[in-house]
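To start, the structure itself, in structure tokens.
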2 protein chains.
Amino acid sequence: MEKSKPNTKHLAFDLPKLHNLTMADQVELKLREYFKKKAFKPGDLLPKELEIAASLGVSRNIVREALSRLKALGLIETKKKRGMVLAEPDILGSFEKVLDPLIMPDSTLYDIFGLRLVLEMGLADVLYMYKTDQDIQELEKIVTKEKPDSEKFRIKNEIAFHGKLYAMTNNHTLMRFQSLLLPLFDYVVAFEKDHYKPGGVSHADLLQILREGTVEDFRKGMRLHLEPHFAWLEHLKNK
Amino acid sequence: MEKSKPNTKHLAFDLPKLHNLTMADQVELKLREYFKKKAFKPGDLLPKELEIAASLGVSRNIVREALSRLKALGLIETKKKRGMVLAEPDILGSFEKVLDPLIMPDSTLYDIFGLRLVLEMGLADVLYMYKTDQDIQELEKIVTKEKPDSEKFRIKNEIAFHGKLYAMTNNHTLMRFQSLLLPLFDYVVAFEKDHYKPGGVSHADLLQILREGTVEDFRKGMRLHLEPHFAWLEHLKNK
DNA sequence: AATCAAAATATGTAGTACAAAAAAGAACAG
DNA sequence: CTGTTCTTTTTTGTACTACATATTTTGATT
């Protein structure tokens, strides 16, 4: 009898399941759209939580969850108890928050190791486009400070020298990207350490090339300088 | 008289203001620590919201805000109404969410344009380390499909060919990184279009080098292939 | 024992309440 | 009339309760 209409709830599936999204998801999207459409600029005050909640017809809880996400992604900032403002765009801000070697599979770690080599090898042309005499002088300072026999300071030397190279590109994003990736490099290099042998081209050699050599010389020099790392990459490949 | 003890509330500042963080901030940090300390693996079920709230002594709201952030960063996933699990680590997942050219300053856009050139130029050595005969064949297929006179499909050709190059590195992170950056390249290239002239080295030429040339040949070839873009970068620099 | 229904769980959402900090407004003194 | 101080208002931060809904578990029935 009544069993003749079982589970009629299933009929309700058709239309509304277009939104497989939670309210918080939808509000997050709405807010993103809104910020773009209204062409907000960094520093602009956003609507109040209650206004948003009212205008979207959701509870303040939901709005806060959505805002909390945008905050986590670095898209907005809260000014204490004053209100929220659109943050200065920083595409690497959220990147930084998930960049933890401990929660990363080894494969990704190796990928990043390879990515580093790609970046370093690709630096040459941009470097030659932007380098100045002052840059060269600063590199000299860094190189003369190096203690070639100190294994302890080798990594420090590496960071100083190569970091300066990135800085010379005048590419702030690239610079920051590299500095974020650095800790992960170290992580892989720690594995590599036992196998490590200095390449045939030193920092001083690279600097000399940078002073008087061509871009192609520099590329070749960098390749030789990175030879131990490439060897390590080859080693990883064959495992 | 009573005015001698004004605003005694201010005394309460001392100890607790070590935490300039909101409860949600603190819970977020606690959860991150917890996941690492407990060495959770992807797919593991996390404690229930109420358990977390109880054990940390905060309201469920706060816990939900914190979890919502971790979700936004791609660190956890919600399995419908079953519970939450640690997500497969994906360092680029959160990156993707903030990668919108419309909310990005031009300077960052230019940085990314430069970053692309660095990546492409750095590809050579890793490419030669990993390339296979099958890769070459697939590149051939791509090249032969190109219609050299069609401005309309030029960008499509570019994407197919260069995308394949990235894929050949066997570096999944690098591949994904490039594909995320692609839309931004297009955005800058749109500005560049009026000035664009094809480089002296075509995709077919690059492929030929890849087949029979040395790594150094390929670097030089790529540099020439990218010449128009480098010229555009030079142009941007002088503005 | 297998199947189907009912209860227990856990997330998703709404709503209310209040504390605290900042801003805005009002009152007062010079 | 102006500047300072006090009060009120606004807005975020947090807690608590309640209920809907989907999933799992348990239990009952054949």
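Predicted, not measured: the structure shown is a model, and the values here were computed from it. Numbered from 1 within each chain, the chains take letters A, B, ... in sequence-line order.
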Inspect the surroundings of NZ in A:K164 and state if more than 12 heavy atoms from other residues, nucleotides or ligands are less than 6.0 Å away.
-> yes

Is the side chain of A:K71 donor-acceptor paired with the backbone N or O of A:T78 at a distance under 3.5 Å, no angle test?
-> no

Is there a donor-acceptor pair closer than 3.5 Å between any side-chain N or O of B:Q26 and the backbone N or O of B:L21?
-> yes

In terms of the angle between their ring planes, are B:F40 and B:Y34 parallel, tilted or perpendicular, with boundaries placed at 30° and 60°?
-> tilted

Is B:K131 atom NZ crowded by more than 12 heavy atoms from other residues, nucleotides or ligands, each under 6.0 Å away?
-> yes

Contact check, residues 53-74 of chain A vs DNA chain C, heavy-atom distance under 4.0 Å, returns A:G57, A:V58, A:S59, A:R60, A:N61, A:I62

Angle between terminal axes - the helix from C:dA1-D:dT30 to C:dG30-D:dC1, 5 pairs each end, rounded to 10° | 20°

Rounded distance in Å - CE (A:M84) to P (C:dA22) = 15 Å

Assess whether atom NZ of A:K145 is packed by more than 12 heavy atoms of other residues, nucleotides or ligands within 6.0 Å.
-> no

Does any residue of residues 40-50 of chain A have a heavy atom under 4.0 Å from DNA chain C, and if so, which ones, in number order?
-> none

Before accepting this row, confirm whether a basic side-chain N of the pair A:R176/A:D90 lies closer than 4.0 Å to the acidic partner's carboxylate O.
-> yes

Indicate yes or no for a side-chain donor-acceptor contact from A:S68 to the backbone of A:E65 under 3.5 Å, with no hydrogens or angles considered.
-> no

Could you tell me whether the side chains of A:T108 and A:D111 share a donor-acceptor contact shorter than 3.5 Å?
-> no

Answer yes or no: is there an ion pair linking B:R32 with A:D100, defined by an N-O contact shorter than 4.0 Å?
-> no

